[in-house]
Amino acid sequence: SCMKRKLLPLFLILHADVSLRYNKCVNPNTHHDFMNGNGVVNLFASYMIVGKVQGHGFGNYLVPFPAAYYFAAFTGREILIYDNSPLGVICNLIECGFRSITTLSLNSSKWDIPVRSALDVNYFDFQKHMEEKTNITAQFVADYSLTPKSDWWAWYPQARECVKNISGCVIGDVMCSERFALQSLLVGPFKRNLTTDELHRLESVPNFILNNLTTTLRNKLPKIDIGIHLRSQLTSFELSSLSNMTAIKSDTDKLLNSSHTASILHSIDTKIKQILSEIPKSRDFCYVFVASDNEHLKHTLVTLLSKNPTLKVMFLNTNGGILHVKNLQRQSLFSENEGIVDLFLDWYLLSLSNSLIAWRKGSSLSSFAYSAQRISGDLARSDVRTRSGIGTLGYLLGTDRRGRLKFDYFWSYPVVEDI
């Protein structure tokens, strides 16, 4: 099979029946009053901060979120969004399902010190707490994970039951639980209308999507047929500033003139034709959205795909490029303050794709594309082969052991009872 399955760690299997510290099963968007009516800090309120770790891209905050979400549920914590982060900035743009940290400061300044001194935790700490190897009692904890570990709870029977009760997913269905957690975070719709300039940058995006951005929940928006994400990850571009345009142009020219790049774009074009051949013909054309961290690479693919009269090719025309960078200030400067909106629109439209094709330099899967694929779908039992529950089927373009280009499905978790 070409489908890669992420194997759960052996030590979780060995410790599946250990005594668990399992206190609560509470939806993490349940609000906790930080102060009581007398202005005294409520020590029974506890919180999980997401987005506090600094210096990472948007996708890096999304892929570990489901792991933190369910630890918060198991321990009765409310999730709070760290304001000064890509995730916090995005939640100023669209409706999110959780409060920001600053909401705690409305009636008191006493929140600042415990937030700044929040205990950093990740999925290893979650496991150790559940297995009574440590006891996480801090009022404020902050998730600093950067990698997906959505299955960390899957071998604990009580935890599986809690996830089922909160999410409505089949018991042990990790991917369904991911969808539920991510959809609880990035709910939509947009909080404001797109400006004239922002609308002008959206090329060929149909009105049936644009007209619903500010009125419709993200998971209720109309779907598009295929999304494509190209992650060139050029070093000069990652470290972009207005002073190194020469280096960016040189690296981009090498990328565009490479025979390997030509093969990549040809492979994507061929994959699109294969996908379209399997779609029932209900109209004369299909919608394809192209996103990339490199404008020149994106336009090269757009030009190639536009030769196909059955495709409506959509993309964002940006000032300076969409930067998948780790620094919000540098992104705003380089993109004339458009970067964060364009970055998120790229992600948002990719998440509406029925099929998502992703390529990243080095053959690994970009967290940007991964999270856009993972959020999409419903609460039906997950099955990649039949697409049950899966809203977006992901195809990763990589290489085999001989260096030949090939497609694999995005890796997936099995339902626990199927193992």
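For the single chain, residues carry numbers from 1 onward in sequence order.
Annotation: cation-pi pair Lys312/Phe285 present, NZ/CZ under 6.0 Å from the ring centroid and within 45° of its normal.
Annotation: ring-ring contact (aromatic ring centres under 6.0 Å, His included) contacts of Phe98 (sequence neighbours excluded): Phe65. Applying the salt bridge (charged side-chain N to carboxylate O under 4.0 Å, His left out) test to Arg404 and every residue at least two apart in sequence or in another chain returns Asp400. Partners of Cys286 according to the disulfide bond (SG atoms under 2.5 Å apart) rule, which considers only residues two or more places apart in sequence or in another chain, do not exist here. Under the ring-ring contact (aromatic ring centres under 6.0 Å, His included) criterion, Tyr370 pairs with Trp411, sequence neighbours left out. Not a single salt bridge (charged side-chain N to carboxylate O under 4.0 Å, His left out) links Glu95 to another residue, sequence neighbours left out. Under the ring-ring contact (aromatic ring centres under 6.0 Å, His included) criterion, Phe289 pairs with no residue, sequence neighbours left out. With sequence neighbours left out, the salt bridge (charged side-chain N to carboxylate O under 4.0 Å, His left out) criterion links Arg160 to no other residue. Residues passing the salt bridge (charged side-chain N to carboxylate O under 4.0 Å, His left out) test with Lys273 are Asp269, sequence neighbours excluded. When the side chain to side chain donor-acceptor pair (under 3.5 Å) test is applied to Ser388, no partner is found at least two apart in sequence or on another chain. Partners of Tyr61 by ring-ring contact (aromatic ring centres under 6.0 Å, His included), not counting sequence neighbours: none found.
Taking the side chain as every heavy atom from C-beta outward, Ile209 and Asn207 never approach each other to under 4.5 Å. In this structure the side chain of Ser177 reaches within 4.5 angstrom of the side chain of Trp153, judged on heavy atoms.
The backbone N or O of Ser366 lies less than 3.5 Å from no partner atom in the side chain of Arg231, so there is not a single donor-acceptor pair. Between the Asp83 side chain and the Thr102 main chain, a donor and an acceptor come within less than 3.5 Å of each other.
For residues 247-276, the set of pairs meeting the ring-ring contact (aromatic ring centres under 6.0 Å, His included) definition, not counting sequence neighbours, is empty. Counting only residues at least two apart or on different chains, the ring-ring contact (aromatic ring centres under 6.0 Å, His included) pairs with a member in residues 374-399 are Tyr395-Tyr409.
With no hydrogens or angles considered, no side-chain donor-acceptor pair links Thr137 and Asn135 at under 3.5 Å. Ser46 and Gln139 are not linked by any side-chain donor-acceptor pair at a separation below 3.5 angstrom, with hydrogens and angles left out of the test.
Atoms CG and NZ, on Asn122 and Lys149 in that order, are 11.0 Å from each other to the nearest 0.5 Å. Residue Asp383 holds its CG atom at 8.0 Å from CE of Met175, rounded to the nearest 0.5 Å. To the nearest 0.5 Å, atoms CD1 (Ile226) and CD1 (Ile228) are separated by 6.5 Å. Atom-to-atom distance recorded for Leu210:CG and Leu349:CG is 8.0 Å, nearest 0.5 angstrom.
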Next item on the list: Check step by step if side-chain contact (heavy atoms from CB on, under 4.5 Å) holds for Leu316 and Lys298.
Entry: CA-CA 9 Å; Leu316 270 156; Lys298 176 168 69 179; 4.2 Å; yes
